[in-house]
Amino acid sequence: MRLNQNVSLLGKKVVLIPYTAEHVPRYHEWMKSEELQRLTASEPLTLEQEYAMQRSWREDADKCTFIVLDAAKWQAQPGSTEESCMAGDVNLFLTDLGDPTLGEIEVMIAEPSCRGKGFGTEAALMMMSYGVTKLGLTKFEAKIGQGNEPSIRMFQKLHFEQVAVSSVFQEVTLRLMMSEPERQWLLEQTSHVEEQPYREGS
């Protein structure tokens, strides 16, 4: 999605930046992990396929993605490369043609040292807030592998409710409807987030 290609979002624990070609090698290394392939229901790609996927993320109007950076690392080391501070990614899919207000959200904290620190929670809240305020979304879905208990618990803490279980795909679908109280709660949870212009490689 081109809408977010010049946007960075600064939170307390994480910084969200657009996914650029610079990030592909690290991302590709992460996705060689059999554990991550299982948790994200992903097939391993070649490096060339990963670059093509990154371009589609940027060009396709129905996908919005940010790379998640470790904010403390990013801010403590001026001149750090983005690649060295990468923790994971967060994605929105706007693929329901019948309902443009529905976004499917995915969060992956791929860097083992960054797990269990609340990075995924803050990244999800920041992405949801971006979806509500910039993309006009009013409902979110998360589809998570049945064995991925940490992810299921995280989304339940964010007020998502389980609406379906697929034994075929071995996944749970959780949903959140953005009523006015939920919208206010979300905006309060992300009131600290600063939006700044992003320049590739800066």
Side-chain angles (χ1 to χ4, degrees), residues 1-9 16-20 27 31 36-43 45 49-68 88-109 120-190 193 195:
M1 180 176 285
R2 287 195 168 274
L3 182 68
N4 75 320
Q5 70 177 359
N6 299 313
V7 172
S8 60
L9 301 172
L16 304 187
I17 59 171
Y19 183 27
T20 71
Y27 193 89
M31 296 315 293
L36 283 179
Q37 289 171 24
R38 182 176 53 77
L39 290 174
T40 59
S42 302
E43 295 292 323
L45 301 177
Q49 288 171 321
E50 209 76 76
Y51 275 110
M53 187 70 82
Q54 181 270 326
R55 285 192 295 275
S56 86
W57 278 108
R58 173 166 283 199
E59 301 297 334
D60 293 358
D62 62 357
K63 301 186 186 94
C64 181
T65 191
F66 285 100
I67 289 292
V68 179
D89 71 341
V90 58
N91 309 307
L92 274 176
F93 299 95
L94 314 176
T95 50
D96 188 332
L97 298 176
D99 187 357
T101 68
L102 171 66
E104 182 184 332
I105 186 166
E106 286 184 349
V107 184
M108 176 180 75
I109 301 302
T121 299
E122 187 177 47
L125 285 166
M126 289 164 68
M127 182 58 120
M128 287 160 58
S129 178
Y130 188 81
V132 166
T133 58
K134 298 292 195 275
L135 305 176
L137 301 185
T138 60
K139 53 189 90 74
F140 294 93
E141 271 187 0
K143 293 179 180 173
I144 300 164
Q146 282 177 298
N148 192 348
E149 283 295 330
S151 233
I152 292 169
R153 282 198 303 273
M154 183 194 82
F155 279 107
Q156 287 172 334
K157 276 194 220 159
L158 299 179
H159 303 181
F160 281 66
E161 293 180 0
Q162 184 173 310
V163 292
V165 178
S166 168
S167 53
V168 176
F169 295 109
Q170 298 274 298
E171 70 180 15
V172 176
T173 300
L174 300 106
R175 184 174 289 170
L176 174 62
M177 310 293 283
M178 296 305 298
S179 62
E180 192 51 36
E182 289 288 4
R183 182 187 166 91
Q184 288 306 318
W185 172 81
L186 177 62
L187 297 179
E188 282 165 18
Q189 295 297 308
T190 53
V193 176
E195 182 176 323

Engineer: Rounded to the nearest 0.5 Å, what separation is found between the CZ atom of R55 and the CD atom of E50?
Structural biologist: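 Answer rounded to 0.5 Å: 11.5 Å.
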
Engineer: Restricting to non-hydrogen atoms, name the atom on M128 and the atom on F140 that form the minimum distance, rounded to 0.1 Å.
Structural biologist: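 Shortest heavy-atom separation between M128 and F140 comes out as O-CZ, 3.4 Å.
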
Engineer: Would you confirm whether D96, through its side chain, and D99, through its main-chain N or O, come within 3.5 Å as a donor-acceptor pair?
Structural biologist: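 Confirmed, D96 side chain pairs with D99 backbone.
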
Engineer: Please check if the number of heavy atoms outside E161 that lie under 6.0 Å from its CD is greater than 12.
Structural biologist: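 Open.
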
Engineer: Test your reading of the model: is there a side-chain donor-acceptor pair from S129 to the backbone of M126, 3.5 Å cut-off?
Structural biologist: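 The answer is no, because no donor-acceptor pair under 3.5 Å joins these two groups.
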
Engineer: Side chain to side chain contact (heavy atoms under 4.5 Å, CB included) for L137 and M178? Distances and angles first, verdict last.
Structural biologist: CA-CA 8 Å; L137 301 185; M178 296 305 298; over 6 Å; no

Engineer: So how far is it from D62 CG to L97 CG, rounded to the nearest 0.5 Å?
Structural biologist: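 With rounding to 0.5 Å, CG (D62) is 8.0 Å from CG (L97).
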
Engineer: Please state whether the rings of F160 and F155 are parallel, tilted or perpendicular, taking 30° and 60° as the class boundaries.
Structural biologist: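 If you compare the ring of F160 with that of F155, the planes turn out perpendicular.
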
Engineer: Side chain to side chain contact (heavy atoms under 4.5 Å, CB included), that's the test. Do L158 and Q189 meet it? Break it down for me.
Structural biologist: CA-CA 10 Å; L158 299 179; Q189 295 297 308; over 6 Å; no

Engineer: Which heavy atom in L135 sits nearest to a heavy atom in L3, and how many Å separate them?
Structural biologist: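 What the structure gives for the nearest pair is CD2-CD2, 3.3 Å.
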
Engineer: Tell me the closest heavy-atom pair linking L176 and H159, and the distance in Å.
Structural biologist: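 Minimum heavy-atom contact is CD1-O, 3.4 Å.
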
Engineer: Looking at N91 and K63, would you say the former's side chain and the latter's main chain have a donor-acceptor pair under 3.5 Å?
Structural biologist: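 Not at all, since once roles are kept as given, no pair shorter than 3.5 Å links the two residues.
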
Engineer: Output the distance between atom CD (E104) and atom NZ (K143), rounded to the nearest 0.5 Å.
Structural biologist: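 Those atoms lie 5.0 Å apart.
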
Engineer: Under the side chain to side chain contact (heavy atoms under 4.5 Å, CB included) criterion, do V68 and L16 qualify, and how do the steps go?
Structural biologist: CA-CA 5 Å; V68 179; L16 304 187; 3.7 Å; yes

Engineer: Is a donor on one side and an acceptor on the other found under 3.5 Å between the side chain of Q170 and the backbone of S167?
Structural biologist: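 Here the side-chain-to-backbone pair exists.
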
Engineer: Which distance, rounded to the nearest 0.5 Å, do you find between the CD of E171 and the CD1 of I144?
Structural biologist: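 Result: 9.5 Å between the selected atoms.
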
Engineer: What's the shortest heavy-atom distance between S8 and I17, and which atoms?
Structural biologist: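 Distance-wise, the nearest heavy atoms are CB-CG2, 3.9 Å.
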
Engineer: From L92 CG over to M127 CE, what is the distance, rounded to the nearest 0.5 angstrom?
Structural biologist: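 So the CG of L92 and the CE of M127 are separated by 4.0 Å.
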
Engineer: Between W185 and L125, is there a side-chain heavy-atom distance shorter than 4.5 Å?
Structural biologist: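 With C-beta onward as the side chain, the pair touches.
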
Engineer: Looking at V193, is its backbone amide N or carbonyl O close enough to the side chain of T190 to form a donor-acceptor pair, meaning the two atoms are under 3.5 Å apart?
Structural biologist: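 Not at all, since once roles are kept as given, no pair shorter than 3.5 Å links the two residues.
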
Engineer: Would you say the side chains of Y130 and N4 form a donor-acceptor pair under 3.5 Å?
Structural biologist: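 No, because no side-chain N or O of Y130 sits under 3.5 Å from a partner of the opposite role on N4.
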
Engineer: For E195 and V7, indicate whether the former's side chain and the latter's backbone hold a donor-acceptor pair under 3.5 Å.
Structural biologist: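 Side chain of E195 to backbone of V7, a donor-acceptor pair under 3.5 Å: no, none is there.
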
Engineer: Quick check: closest heavy atoms across Q146 and V165, and the distance to 0.1 Å?
Structural biologist: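 So the minimum-distance heavy-atom pair works out to NE2-CG1, 3.1 Å.
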
Engineer: Any side-chain donor-acceptor pair under 3.5 Å between Q184 and E180?
Structural biologist: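 Yes - a donor-acceptor pair under 3.5 Å links their side chains.
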
Engineer: Using 0.5 Å steps for rounding, measure from the CG atom of D60 to the OG1 atom of T65.
Structural biologist: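 Going from the CG atom of D60 to the OG1 atom of T65 covers 11.5 Å.
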
Engineer: Does the side chain of Y27 come within less than 4.5 Å of D89's, by heavy atoms?
Structural biologist: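 When only atoms from C-beta onward are counted, Y27 and D89 do touch, with a gap below 4.5 Å.
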
Engineer: Please give me the minimum heavy-atom distance between L94 and G103, naming the atom from each residue.
Structural biologist: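 Closest heavy-atom pair between L94 and G103: CD2-CA, 4.0 Å.
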
